[in-house]
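A quick write-up on the structure given underneath.
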Amino acid sequence: MREKVLVNKCGFTDVKPIVMALPYPSIQVKEKNPEYANLLSVDYCGSVSEMSAITQYINNESRLSLENCPVAKTILGIAMAEMMHLQKLGELIFLLGGRVDYTAKYRDGKVRMWTPQYLSIPENAREMMVKNIEGEKAAIHQYKMHMRMINDHFINEVLERIIKDEEYHIMMLQVLLTEL
């Protein structure tokens, strides 16, 4: 009797980050500012954050790759873009004098380490896309709120550029949702 072997034939070597075809501003700040670093730490690894988005997208991609390779590749491309955002936020936090340690420092003084409990992991692809769209919208809302609190045009230019990618991701996810 021959052993049945399962193989994932969804190749990912051609996947690129899904981002707007626009340059990112250079990563710089006017001056050190721990309060701004703390705000960005929430975007970095809070419940609504790049860390949460990356982890959720990678989970989605892993579970979709056997049954729907094109969707899985798109999700991986979005995850790669979120990794770029995480890296840029980390640089800004460091320049502002903060620590990049996977803890979100909230204005009320609470400090919370990132946890997978922040994730939404639905069972089917349609629900995944809906949750991913909700996550992107929440991230945009949070970035805009933080931009109103940050008086540093260098930081706000980076956040505005990240928002453009998040809006693009919503559009891509909405297309995927209609195709499922």
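This one's a predicted model, so the numbers in the text were calculated from it and none came from an experiment. For this chain, numbers begin at 1 and follow the sequence in order.
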task: Hey, could you give me the CG/OG distance between L96 and S41, rounded to the nearest 0.5 Å?
output: 11.0 Å
field: W114 side chain to T103 side chain, donor-acceptor N/O pair below 3.5 angstrom
entry: no
message: Nearest 0.5 angstrom please: E157 CD to I162 CD1, how far?
response: 12.5 Å
Heavy-atom closest contact (K73 atom, G11 atom, distance): CE-O, 2.6 Å
task: Could you note down all residue pairs passing ring pair (Phe, Tyr, Trp, His ring centres under 6.0 Å) where residues 21-55 supplies at least one of them, sequence neighbours left out?
output: Y44-Y102
task: List for me each residue that meets side chain to side chain donor-acceptor pair (under 3.5 Å) alongside Q87, sequence neighbours excluded, and say none if there are none.
output: E91
message: Does V42 form a side chain to side chain contact (heavy atoms under 4.5 Å, CB included) with V48? I'd like the steps, not just the answer.
response: CA-CA 7 Å; V42 175; V48 174; over 6 Å; no
message: For residues 33-118, which residue pairs pass the disulfide (SG to SG under 2.5 Å) check, not counting sequence neighbours?
response: C10-C69
- prompt: Do V130 and M171 belong to the same hydrophobic cluster, where Ile, Leu, Val, Met, Phe, Trp and Tyr are linked whenever their side-chain heavy atoms lie under 4.5 Å apart, directly or via other members?
  reply: yes
Smallest separation among heavy atoms of I27 and L92, with atom names: CG2-CD2, 3.7 Å
message: With a 3.5 Å distance limit and no angle check, can you tell me whether N132 reaches the backbone of M128 through a side-chain donor-acceptor pair?
response: yes
K105 side chain near K110 side chain, heavy-atom distance below 4.5 Å: no
statement: Residues at least two apart in sequence or cross-chain that pass salt bridge (Lys or Arg N to Asp or Glu O under 4.0 Å) with K88, listed by chain then number, are none
- prompt: With a 4.5 Å heavy-atom cut-off, do T74 and E61 have their side chains touching?
  reply: no
Interatomic distance, L119 atom CG to I58 atom CD1 [nearest 0.5 angstrom]: 11.5 Å
message: Using every non-hydrogen atom in the two residues, find where I18 and A81 come nearest and quote the distance to one decimal.
response: O-CB, 3.2 Å
task: Establish whether V100 and L95 are linked, either directly or via other cluster members, by ILVMFWY side-chain heavy-atom contacts under 4.5 Å.
output: yes
field: With R99 via salt bridge (Lys or Arg N to Asp or Glu O under 4.0 Å) - residues at least two apart
entry: D101
- line: When rounded to the nearest 0.5 Å, the distance separating CD of E160 from CE of M147 is 4.5 Å
message: Hydrophobic clusters here meaning ILVMFWY residues chained together by side-chain heavy-atom distances under 4.5 Å, can you tell me if L176 and F12 are in one?
response: yes
message: Considering only residues two or more places apart or on different chains, which pairs with a residue in residues 88-180 satisfy disulfide (SG to SG under 2.5 Å)?
response: none
field: From CD1 (I155) to CG (L39), nearest 0.5 Å
entry: 9.0 Å
task: Go through the side-chain N and O atoms of E127 and N124 and say whether any donor and acceptor fall under 3.5 Å apart.
output: yes
- prompt: Counting heavy atoms not belonging to F94, are there more than 12 under 6.0 Å from its CZ?
  reply: no
message: Applying salt bridge (Lys or Arg N to Asp or Glu O under 4.0 Å), can you list everything that pairs with R63, at least two apart in sequence or on another chain?
response: none
message: Please determine whether residues I54 and I121 belong to a single hydrophobic cluster, defined as Ile, Leu, Val, Met, Phe, Trp and Tyr linked transitively by side-chain heavy-atom distances below 4.5 Å.
response: yes
query: Is there a donor-acceptor pair under 3.5 Å between the side chain of N59 and the backbone N or O of T55?
result: no
query: Should Y57 and L76 count as side-chain neighbours, where that means a heavy-atom distance under 4.5 Å?
result: no
query: Do you know the tightest heavy-atom contact between L64 and A125?
result: CD2-CB, 3.7 Å
message: When you group the ILVMFWY residues by side-chain heavy-atom contacts below 4.5 Å and let the links chain together, are M149 and I93 in the same group?
response: yes
field: Partners meeting salt bridge (Lys or Arg N to Asp or Glu O under 4.0 Å) with D152 (sequence neighbours left out)
entry: none
field: Under 3.5 Å donor-acceptor, R161 side chain and L22 backbone
entry: yes
task: Keeping the roles fixed (side chain from D165, backbone from M20), state whether a donor-acceptor pair exists under 3.5 Å.
output: yes
query: Of the non-hydrogen atoms in S49 and G46, which two are nearest, and what is the gap between them?
result: OG-O, 2.7 Å
query: Any disulfide (SG to SG under 2.5 Å) pairs touching residues 100-180, not counting sequence neighbours?
result: none
- prompt: So do I78 and L173 actually touch side chain to side chain, heavy atoms under 4.5 Å?
  reply: yes
- prompt: How many angstroms lie between atom CG of L159 and atom CD1 of I140, to the nearest 0.5 angstrom?
  reply: 12.5 Å
task: Give the intermediate values and the outcome of side chain to side chain contact (heavy atoms under 4.5 Å, CB included) for residues M129 and V71.
output: CA-CA 10 Å; M129 296 314 118; V71 171; 4.1 Å; yes
task: Can you run down the disulfide (SG to SG under 2.5 Å) pairs that involve residues 100-138, sequence neighbours left out, and say none if there aren't any?
output: none
- request: Would you list the pairs meeting salt bridge (Lys or Arg N to Asp or Glu O under 4.0 Å) in which at least one residue belongs to residues 28-44, sequence neighbours left out?
  value: none
- prompt: Under 4.0 Å between a Lys/Arg side-chain N and an Asp/Glu carboxylate O for K137 and E134?
  reply: no
query: Which residue pairs pass the side-chain hydrogen bond (donor to acceptor under 3.5 Å, both in side chains) test with at least one member in residues 166-180, sequence neighbours excluded?
result: E82-H169, H85-E166, E136-H169, E166-H169
- request: Starting from the C-alpha separation in whole Å, work towards a yes-or-no answer on side chain to side chain contact (heavy atoms under 4.5 Å, CB included) for M80 and V15.
  value: CA-CA 9 Å; M80 293 166 74; V15 177; 3.6 Å; yes
